[in-house]
Amino acid sequence: MTKIKAAKSLVAGALSLAYFSIAPMSFANSDLPDLGTAAVNTFSLEKENTYGDAYMRVIRSSAPLLNDPVLNQYMTELGNKLVAHATGVKTPFYFFLLRNDEINAFAFFGGHVGVHTGLFLNADNESQLASVIGHEITHVTQRHLARSLEAKEKSSAATMAGLLGAILLTIAAPQAGMAALATTQALATQAQINYTRLHEKEADRIGMQILVDAGFDPNGAADFFAKLATRYRFTSKPPQMLLTHPLPESRIAEARNRAAQYPHRYIPDNIDFQLAKARIQVRFSSYSEEAALALFTDKLKKRSYEFKQAAQYGLALALLRSEKEAESEQIIDELLSEDPNNLFYIDTKTDLLLARGEHKAAISLLKKQRLLKPTSQVININLANTYIENNQASKAIPILEDMIFLDRQNQLPLLLLSDAYRKSGNKAMEHYAKAESMALAADYDGAIDQLNFAYRLSESDPLQLARIEARIRQFKQSKRAIEQL
């Protein structure tokens with residue numbers, strides 16, 4: 001059993017509340033009580049956050065996470081828009097994308113919500129995508145996972161402790177952890193389908209309320225269910241999630257009934273969703289260069305699109321992928337003339353400028369945008385990367401350090417920071433940045449090795465030596481703490 005399989009088991013099996021893990025159920029009206037405030041004795045919020053941080057580090061080391069600043073910013077903004085209308089939020093939320101064509105989303109401890117790119121490929125509009133995310137947010141706010149594990153622990157404390165301990169063991173000792181996980185596989189499989197009907201009713205009901213309060217179409221959930229049910233009804237090989245968790249007609253009907261309780265209103269789609277979908281289709285799906293070109297050429301020819309601009313953007317990306325930069329840039333420039341502050345277009349314009357070696361033009365474009373969006377990860381990552389490529393690494397360093405301060409879970413700024421320190425000649429800090437990146441991916445031993453390299457290169461700087469010594473102690477303590485959980 002490989003480490004990546006363990007991570008997939010972690011996020012798709014016993015330790016996630018998958019969106020399609022729903023059994024047939026009766027209509028849940030608005031009189032259902034909220035259960036998230038009920039006491040959970042097994043897992044305190046502090047303990048949930050500790051487990052959540054540990055699991056996220058395993059995922060970073062093993063799963064195909066997308067380090068795409070444009071898509072990550074879109075996903076974070078959409079998720080936060082929904083969280084702003086949720087009740088019972090007791091932890092910060094962290095939304096991330098995995099490059100996987102399977103239709104799935106999952107939530108786990110500490111407000112972590114993962115979304116497969118396959119959801120974008122199969123959703124028709126933002127309300128459909130938001131309905132999935134709202135459901136997962138509810139699993140977190142109502143502490144469904146902690147409550148499910150508490151119930152299981154009462155009946156099988158030793159086995160549940162073994163499962164949690166085995167997963168955490170993979171961080172410090174992967175081979176031993178894999179062996180331990182193998183012995184609890186039966187429990188993981190059972191836990192995947194053993195969530196209570198009440199939890200799922202609660203997630204559907206509260207998730208739809210979040211959806212509506214955030215300004216989305218309450219029919220998004222039922223429309224998405226119906227689309228998937230129609231598409232895979234007669235197929236011999238449906239998606240894995242539908243094999244293990246069938247989509248019954250009752251769930252679609254219940255979603256329709258629940259949506260009908262809200263006043264009808266027209267909800268226009270968001271162009272940013274269609275731009276994100278086009279970006280994923282071209283860059284992060286199974287489409288070949290030729291297929292991506294044909295897809296968006298055909299959309300524009302037949303006018304089969306929600307937004308013409310999104311189809312044009314997809315074609316521009318496909319042309320850029322096929323190394324037809326001049327044709328791509330002509331489209332992007334037209335789009336920018338209509339919407340000069342659109343981050344999707346700015347990111348691609350930057351790529352085109354860098355491809356021609358026009359670093360000064362790219363820097364000028366990005367600096368102007370930074371005045372408007374000083375904390376945008378799209379603008380800051382692009383600007384820092386352009387500085388590094390233009391041999392101005394010293395200007396990239398403060399930008400990246402600010403990003404890391406604001407988002408300590410984002411690995412991409414750390415990777416760029418290491419490169420920036422290398423190009424500026426600061427070998428000690430290059431190793432220090434590498435250490436921080438390794439620690440985010442649960443490689444504490446590798447991180448400590450990098451810090452030891454940094455220590456040997458910092459002999460003339462007593463303050464930096466003290467900082468490195470402190471960080472080594474912290475990493476050792478973190479590793480021990482995980483082993484003892």
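Any value given below was found using the heavy atoms of this structure, including those in side chains, with hydrogens, waters and symmetry copies removed.
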Give the C-alpha distance, both sets of side-chain angles, the deciding distance and a yes or no for salt bridge (Lys or Arg N to Asp or Glu O under 4.0 Å) between Asp339 and Lys349.
CA-CA 13 Å; Asp339 190 358; Lys349 179 66 175 181; over 6 Å; no

Tell me, with the steps shown, if His116 and Glu102 meet side-chain hydrogen bond (donor to acceptor under 3.5 Å, both in side chains).
CA-CA 7 Å; His116 287 200; Glu102 285 289 326; over 6 Å; no

Given Lys427 and Glu430, is the salt bridge (Lys or Arg N to Asp or Glu O under 4.0 Å) satisfied, shown in steps?
CA-CA 5 Å; Lys427 298 292 291 182; Glu430 175 192 351; 3.1 Å; yes

Stepwise, does the side-chain contact (heavy atoms from CB on, under 4.5 Å) test hold for Ile363 with Gln392?
CA-CA 11 Å; Ile363 290 170; Gln392 295 177 278; 3.4 Å; yes

Would you please test Lys301 and Asp298 for salt bridge (Lys or Arg N to Asp or Glu O under 4.0 Å) and show each step?
CA-CA 5 Å; Lys301 181 179 180 181; Asp298 190 60; over 6 Å; no

side-chain contact (heavy atoms from CB on, under 4.5 Å) between Ile133 and Phe95: does it pass, once the steps are laid out?
CA-CA 9 Å; Ile133 300 169; Phe95 299 91; 3.8 Å; yes

Between Arg408 and Glu436, does the salt bridge (Lys or Arg N to Asp or Glu O under 4.0 Å) criterion hold? Intermediate values first, please.
CA-CA 10 Å; Arg408 299 188 182 278; Glu436 295 292 342; over 6 Å; no

Criterion side-chain hydrogen bond (donor to acceptor under 3.5 Å, both in side chains) on Arg279 and Tyr313, from CA distance to verdict
CA-CA 8 Å; Arg279 188 177 181 91; Tyr313 174 69; 2.8 Å; yes

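Here the closest heavy-atom approach between residue Glu126 and residue Asn270 is recorded as OE1-CB, 2.9 Å. In plain terms, the two heavy atoms of Ser127 and Leu211 that are nearest each other are O-CD1, 3.9 Å. Nearest approach of Leu275 to Ala310, heavy atoms of both residues: CD2-CA, 3.6 Å. A pairwise comparison of heavy atoms in Glu136 and Ala105 identifies OE2-O, 3.8 Å as the closest pair. In plain terms, the two heavy atoms of Arg256 and Ala222 that are nearest each other are NH1-CB, 3.5 Å. The two residues Asp101 and Asn122 have their closest heavy-atom pair at O-ND2, 4.4 Å.
Although no hydrogens or angles enter the test, the distance criterion places a donor-acceptor pair under 3.5 Å between the side chain of Ser285 and the main chain of Tyr287. Checking side-chain atoms of Thr348 against main-chain N and O of Phe344 turns up a donor-acceptor pair under 3.5 Å. Although no hydrogens or angles enter the test, the distance criterion places no donor-acceptor pair under 3.5 Å between the side chain of His431 and the main chain of Phe453. When atom types are taken as modelled, the side chain of Thr386 and the backbone of Asn382 share a donor-acceptor pair closer than 3.5 angstrom. Of the possible donor and acceptor atoms, none in the side chain of Lys434 sits under 3.5 Å from a partner among the backbone N and O of Leu414. Between the side chain of Asn80 and the backbone N or O of Thr76, at least one donor-acceptor pair lies under 3.5 Å. Remark: side-chain polar atoms of His112 are paired, donor with acceptor, to backbone N or O of Phe109 under 3.5 angstrom. The backbone N or O of Val282 sits less than 3.5 Å from a side-chain atom of Arg321, completing a donor-acceptor pair. Using a distance-only test at 3.5 Å, with no hydrogens or angles considered, no donor-acceptor pair links the side chain of Asn49 to the main chain of Thr91. Checked by atom type and distance alone, the side chain of Ser322 pairs as donor or acceptor with a backbone atom of Ala318 at under 3.5 Å.
Separation of atoms CG (Leu400) and CG (Asn380) is listed at 8.0 Å; rounding is to 0.5 Å. The OG atom of Ser424 sits 15.0 Å away from the OH atom of Tyr387 when rounded to the nearest 0.5 Å. Rounded to the nearest 0.5 angstrom, Ile137 CD1 and Ile206 CD1 are separated by 12.0 Å. Note that NE2 of His359 is 9.5 Å distant from CG of Leu353, once rounded to the nearest 0.5 Å. How far CG of Asn390 is from CD1 of Ile388: 11.0 Å, rounded to the nearest 0.5 Å. To the nearest 0.5 Å, atom CD of residue Glu77 and atom CG of residue Leu343 are 7.5 Å apart.
For the 3.5 Å distance criterion, the side chains of Ser376 and Gln369 fail to qualify, holding no donor opposite an acceptor. Under the 3.5 Å distance criterion, with hydrogens and angles disregarded, a donor-acceptor pair is assigned to the side chains of Asp269 and Gln274. Between Glu334 and Tyr345, the side chains place no donor N or O within less than 3.5 Å of an acceptor N or O (distance only, hydrogens not considered).
Residue Gln330 places its CD atom among 12 or fewer non-hydrogen atoms of other residues, nucleotides or ligands, all under 6.0 Å distant. Residue Arg265 places its CZ atom among more than 12 non-hydrogen atoms of other residues, nucleotides or ligands, all under 6.0 Å distant.
Counting heavy atoms from C-beta outward, Ile346 and Leu366 have side chains that approach closer than 4.5 Å. When side chains are defined from C-beta on, Leu119 counts as touching Ile103, because their heavy atoms get closer than 4.5 Å. Taking 4.5 Å as the limit, some side-chain heavy atom of Leu416 sits within range of a side-chain heavy atom of Asn385. In this structure, Leu320 and Asp351 have side chains that are in contact, with non-hydrogen atoms separated by less than 4.5 Å. The closest side-chain heavy-atom distance from Leu412 to Pro69 is below 4.5 Å.
The cationic group of Lys81 lies under 6.0 Å from the six-membered ring centre of Phe216 and within 45° of the ring axis, placing it in a cation-pi geometry.
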